[in-house]
S.K.: 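Below you'll find the structure I mean.
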Amino acid sequence: MAQTQFPISAPSGVAATDDPDTPCRCSGTGCRHAVVCEQDDNGEACPDRMLHADRYPGSMLCLTTWRDEYVYDTCDRVRDRSVELPEIPWG
């Protein structure tokens with residue numbers, strides 16, 4: 001199955017929805033697009049907002065587990081997280 005790609009360049013070079021003020025192009029379910037970062041890598045307050053870069057299958061055994069990849073709007077950090085989407089199986 002093809003990955004969902006959002007064809008806009010992001011600071012880290014992965015594709016992303018580049019405006020945190022616009023709705024994300026994914027299903028919206030479980031998405032953390034535009035959520036403000038709580039802490040940077042040093043544990044300090046951070047004003048960056050996450051941009052949803054990619055969503056792909058997150059498990060070889062569970063068809064409802066997805067992996068979301070996020071970049072931040074003002075730095076080169078990349079984060080990912082698992083999300084369970086029972087209403088949107090990937091298989």
Side-chain angles (χ1 to χ4, degrees):
M1 180 172 183
Q3 293 182 6
T4 303
Q5 291 283 334
F6 306 112
I8 299 171
S9 63
S12 67
V14 286
T17 303
D18 68 346
D19 184 358
D21 294 323
T22 60
C24 187
R25 295 181 187 142
C26 76
S27 67
T29 304
C31 183
R32 296 183 50 85
H33 177 75
V35 171
V36 175
C37 175
E38 296 172 6
Q39 294 181 350
D40 65 12
D41 292 335
N42 298 319
E44 298 186 17
C46 176
D48 291 348
R49 294 199 294 175
M50 293 191 287
L51 305 173
H52 194 181
D54 201 359
R55 175 174 281 171
Y56 46 87
S59 170
M60 299 225 6
L61 302 175
C62 183
L63 299 180
T64 61
T65 301
W66 291 86
R67 197 79 183 158
D68 282 354
E69 187 172 293
Y70 297 90
V71 296
Y72 288 83
D73 61 350
T74 61
C75 70
D76 290 334
R77 290 185 301 144
V78 177
R79 294 279 191 258
D80 64 343
R81 66 185 286 267
S82 288
V83 62
E84 289 294 322
L85 302 173
E87 66 280 0
I88 309 172
W90 59 262

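It should be emphasised that the depicted structure is a prediction, and the values quoted were computed from it without experimental measurement. All values below were derived from every heavy atom in this structure, side-chain atoms included, with hydrogens, water molecules and symmetry-related copies excluded.
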S.K.: Please report the closest heavy-atom contact between Trp90 and Gly58, naming both atoms and the distance.
M.R.: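 Taking every non-hydrogen atom into account, NE1-N, 4.5 Å.
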S.K.: Could you pull out the closest heavy-atom pair between Thr64 and Pro86, with the gap in Å?
M.R.: CG2-CA, 3.6 Å
S.K.: Grab the two heavy atoms, one from Leu85 and one from Trp66, that are nearest each other, plus how far apart they are.
M.R.: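 Distance-wise, the nearest heavy atoms are CD1-CD1, 3.4 Å.
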S.K.: About how many Å separate CG of Asp48 and OG1 of Thr74, when rounded to the nearest 0.5 Å?
M.R.: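 That separation rounds to 3.0 Å.
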S.K.: Side chains of Tyr72 and Arg49: does their closest heavy-atom pair fall under 4.5 Å?
M.R.: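 The answer is no; the side chains never approach within 4.5 Å.
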S.K.: Hey, does Arg77 have a side-chain heavy atom less than 4.5 Å from the side chain of Cys37?
M.R.: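 Side-chain contact under 4.5 Å: yes.
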S.K.: With hydrophobic residues grouped by side-chain heavy-atom distances under 4.5 Å, do Leu63 and Val83 end up in a single group?
M.R.: yes
S.K.: Establish, from distance only, whether the side-chain atoms of Asp54 and Tyr56 form a donor-acceptor pair under 3.5 Å.
M.R.: no
S.K.: So among His52, Arg32, Met50, which one has a side chain to side chain contact (heavy atoms under 4.5 Å, CB included) with Cys24?
M.R.: His52
S.K.: Do you know which two heavy atoms are closest between Thr65 and Ser59, and how far apart they sit?
M.R.: CB-CB, 3.8 Å
S.K.: Got a sec, which pairs hit salt bridge (Lys or Arg N to Asp or Glu O under 4.0 Å) with one end in residues 80-91, sequence neighbours left out?
M.R.: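 Of all non-adjacent pairs touching residues 80-91, those that pass salt bridge (Lys or Arg N to Asp or Glu O under 4.0 Å) are Arg67-Asp80.
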